[in-house]
Q: 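So that we are looking at the same thing, I have put the structure below in structure tokens.
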Amino acid sequence: MPELPEVETVRRGLEQHVGGRTVESVQVLHPRAVRRHLAGAPDFEAALAGRSLDAARRRGKYLWLSAGEDGLLAHLGMSGQLLVGEPSRPLSPHVRIRFAFSDGGPDLRFTDQRTFGHMAFVPGGAELPGPIAHIAPDPFEAAYDARTVATRLRARRTGVKRALLDQTLVSGVGNIYADEALWRAGLHWARPTETLNGPEVSRLLAAVRDVLGEALAAGGTSFDALYVNVNGQSGYFDRSLAVYGRENLPCPRCGTPVRRDAFMNRSSYTCPRCQPRPRRAHW
DNA sequence: CTGCACCCCTGTAGGC
DNA sequence: TGCCTACAGGGGTGCA
């Protein structure tokens with residue numbers, strides 16, 4: 001479950017169901033799931049055995065569990081799930097890592113069909129794991145400063161959607177919520193960042209924060225069973241999407257059919273009337 | 001600093 | 001039924 005609202009939903013579930021529990025053993029079932037743990041799968045398993053997991057934290061789309069001064073870092077990629085359930089339930093074919101706990105209670109399974117996600121044990125990484133030091137604060141962190149982001153955004157020489165998706169500028173925004181925020185702000189994805197005026201940038205950043213917050217309140221967006229919380233349940237923000245995935249359906253604001261464009265090997269959805277294409281496009 | 005091409009994977013949907 | 005292509009909420013890397 002990729003973007004901030006979905007990852008935050010998972011973080012909350014982990015905090016509730018795994019926080020304060022002690023890992024008994026870990027099995028890495030697919031080596032690719034720990035490819036960023038450079039010391040290898042056996043080291044990953046050994047490093048976590050016997051460790052007590054404390055708080056669950058998050059920056060953007062990354063989350064981690066602190067274990068004393070250390071951190072257990074996770075990124076869900078396109079299809080990763082962190083599922084908590086009865087240890088006796090069947091092992092689904094896409095389970096990549098299994099964590100058993102010393103209390104004999106529900107286990108934790110990192111499940112990932114496409115294996116774009118990963119986990120790593122980061123010594124000393126409880127506060128902010130080293131591998132994600134380059135990730136910018138997300139809009140819900142105390143360290144996030146909208147004025148700084150606005151300044152940096154306007155200094156870019158690129159298209160506004162490309163900038164929104166750049167996790168080193170502001171983190172947590174992916175393809176769905178970038179399109180939704182741009183629609184709310186009435187901006188086209190190809191708009192050159194240097195042509196945005198102050199009010200437009202403010203409107204956009206407010207829209208980003210609002211849409212992420214509303215989606216979080218709905219438990220995230222799921223179109224299918226791939227995007228679920230730790231209990232396997234889907235969020236329902238898909239009902240509130242204005243443009244994403246709605247090609248040819250009417251814009252909720254003006255009724256004009258939503259348009260789909262290819263962009264960065266993905267799709268961008270816009271209302272051609274509310275988000276007019278700029279004369280000088282930047283993609 | 002930037003875009004861009006391409007890589008990592010599996011599964012599904014749709015056309016033929 | 002098979003075979004093909006396009007596409008899917010991710011990021012990282014290397015190169016121009």
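Protein chains get the first letters and strands the later ones, always in sequence-line order, with residue 1 at the start of each. The basis for the numbers below is simple: all heavy atoms, side chains too, and nothing from hydrogens, waters or symmetry mates.
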Q: What is the distance, to the nearest angstrom, from the CE atom on A:M78 to the P atom on C:dG11?
A: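 Between P of C:dG11 and CE of A:M78: 9 Å.
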Q: Hydrophobic side-chain clustering at under 4.5 Å (ILVMFWY, transitive links): who's grouped with A:I132? Put none if nobody.
A: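 Taking Ile, Leu, Val, Met, Phe, Trp and Tyr as members, A:I132 shares its hydrophobic cluster with A:Y62, A:W64, A:L73, A:V122, A:L128, A:I135.
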Q: Quick one: which residue pairs count as a side chain to side chain donor-acceptor pair (under 3.5 Å) with a foot in residues 33-48 of chain A, not counting sequence neighbours?
A: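 Applying side chain to side chain donor-acceptor pair (under 3.5 Å) to every pair that reaches into residues 33-48 of chain A, excluding sequence neighbours, yields A:H37-A:D43.
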Q: Quick one: does any side-chain atom of A:S171 pair with a main-chain N or O of A:Q167 as donor and acceptor, under 3.5 Å?
A: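 The answer is no, because no donor-acceptor pair under 3.5 Å joins these two groups.
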Q: Please classify C:dG9 as syn or anti, treating any glycosidic angle within 90° of 0 as syn.
A: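 You should classify C:dG9 as syn.
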Q: Check nucleotides 6-10 of chain B for protein N or O atoms closer than 3.5 Å to its own N or O atoms and list the pairs.
A:
from   : atom 1 : to     : atom 2 : distance (Å)
B:dC8  : O3'    : A:R32  : NH1    : 3.1
B:dC9  : O2     : A:R114 : NE     : 2.9
B:dC9  : N3     : A:R114 : NH2    : 3.4
B:dT10 : O4'    : A:Q113 : O      : 3.4

Q: Should side-chain heavy atoms under 4.5 Å link Ile, Leu, Val, Met, Phe, Trp and Tyr, which residues sit in the same cluster as A:V95?
A: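 So far as hydrophobic clustering goes, A:V95 is joined with A:L29, A:L91.
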Q: Is the A:F44-A:F121 ring centre distance short of 6.0 angstrom?
A: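 A:F44 vs A:F121: aromatic centres not under 6.0 Å.
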Q: Atom CG of A:L241 and atom P of C:dA8: how far apart are they, to the nearest Å?
A: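 Taking CG of A:L241 and P of C:dA8, I get 14 Å after rounding.
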Q: Using atom types as modelled and distance alone, determine if a side-chain donor or acceptor of A:D179 lies under 3.5 Å from a backbone N or O of A:Y269.
A: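 Pair found, side chain donor or acceptor close to backbone of A:Y269.
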Q: Minimum heavy-atom separation for A:A163 and A:T193, please, with both atom names.
A: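 Scanning both residues completely, I find the closest heavy atoms to be CB-CG2, 4.0 Å.
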Q: Suppose we screen for side-chain hydrogen bond (donor to acceptor under 3.5 Å, both in side chains). Which residues come up paired with A:T195, at least two apart in sequence or across chains?
A: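 If we apply the side-chain hydrogen bond (donor to acceptor under 3.5 Å, both in side chains) test to A:T195, skipping adjacent residues, the hits are A:R191.
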Q: Within less than 4.0 Å of OP1 or OP2 of B:dT2, is there a side-chain N or O belonging to A:R162?
A: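 No, no such contact exists.
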Q: Dot-bracket for DNA chain C, 5' to 3', with Watson-Crick and G-U pairs under 3.5 Å, [ ] for crossing pairs and | for other-strand pairs: what is it?
A: .|||||||.|||||||
Q: List in chain and number order the residues that pass side-chain contact (heavy atoms from CB on, under 4.5 Å) with A:N265, two or more places apart in sequence or in another chain; answer none if no residue qualifies.
A: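 Counting only residues at least two positions away or on another chain, A:N265 forms no side-chain contact (heavy atoms from CB on, under 4.5 Å).
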Q: For C:dG9, does either OP1 or OP2 sit under 4.0 Å from a side-chain N or O belonging to A:K61?
A: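 Answer is no, no contact under 4.0 Å.
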Q: Can you tell me how far P in B:dC7 sits from the matching atom in C:dT5, rounded to whole Å?
A: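 It works out to 15 Å between them.
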Q: With rounding to the closest Å, how many angstrom separate the P atoms on C:dG11 and B:dG11?
A: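 Rounded to whole Å, the distance is 22 Å.
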Q: With distance as the sole test, does A:Q275 use its side chain to make a donor-acceptor pair with the main-chain N or O of A:C271 at under 3.5 Å?
A: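 Present.
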Q: Which residue pairs pass the side chain to side chain donor-acceptor pair (under 3.5 Å) test when at least one of the two sits in residues 105-129 of chain A, sequence neighbours left out?
A: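 Qualifying pairs: A:R32-A:T115, A:R57-A:E127, A:S79-A:D112, A:R89-A:D107, A:R98-A:D107, A:D107-A:R109.
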Q: Sequence neighbours left out, what passes salt bridge (charged side-chain N to carboxylate O under 4.0 Å, His left out) with A:E69? Give chain and number order.
A: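 Salt bridge (charged side-chain N to carboxylate O under 4.0 Å, His left out) list for A:E69, sorted by chain: empty.
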Q: Counting just side-chain N and O atoms, does A:S267 come under 4.0 Å of either OP1 or OP2 of C:dA8?
A: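 The answer is yes; a side-chain N or O of A:S267 sits under 4.0 Å from OP1 or OP2.
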Q: Restricting to side-chain contact (heavy atoms from CB on, under 4.5 Å), what partner residues turn up for A:R253, sequence neighbours left out?
A: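 So A:R253 forms a side-chain contact (heavy atoms from CB on, under 4.5 Å) with A:W183, A:C251, A:C274.
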Q: Tabulate protein N/O versus nucleotide N/O from nucleotides 12-16 of chain C, keeping only pairs under 3.5 Å, one per line.
A:
from   : atom 1 : to     : atom 2 : distance (Å)
C:dG12 : OP1    : A:Y62  : OH     : 3.0
C:dG12 : OP1    : A:H134 : NE2    : 3.4

Q: Contact list please: residues 175-182 of chain A against DNA chain C, heavy atoms, distance less than 4.0 Å, in numerical order.
A: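 Heavy-atom contacts with DNA chain C come from A:N175, A:I176.
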Q: Which value, in whole Å, describes the distance between the C1' atoms of nucleotides C:dG9 and B:dA5?
A: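 C:dG9 and B:dA5 have their C1' atoms separated by 22 Å.
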Q: Please tell me if the side chains of A:L72 and A:F99 come closer than 4.5 Å, counting only heavy atoms from C-beta onward.
A: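 Side-chain contact under 4.5 Å: yes.
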Q: When the distance from CG of A:L63 to C1' of C:dG10 is rounded to whole Å, what number comes out?
A: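 To the nearest whole Å, that distance equals 14 Å.
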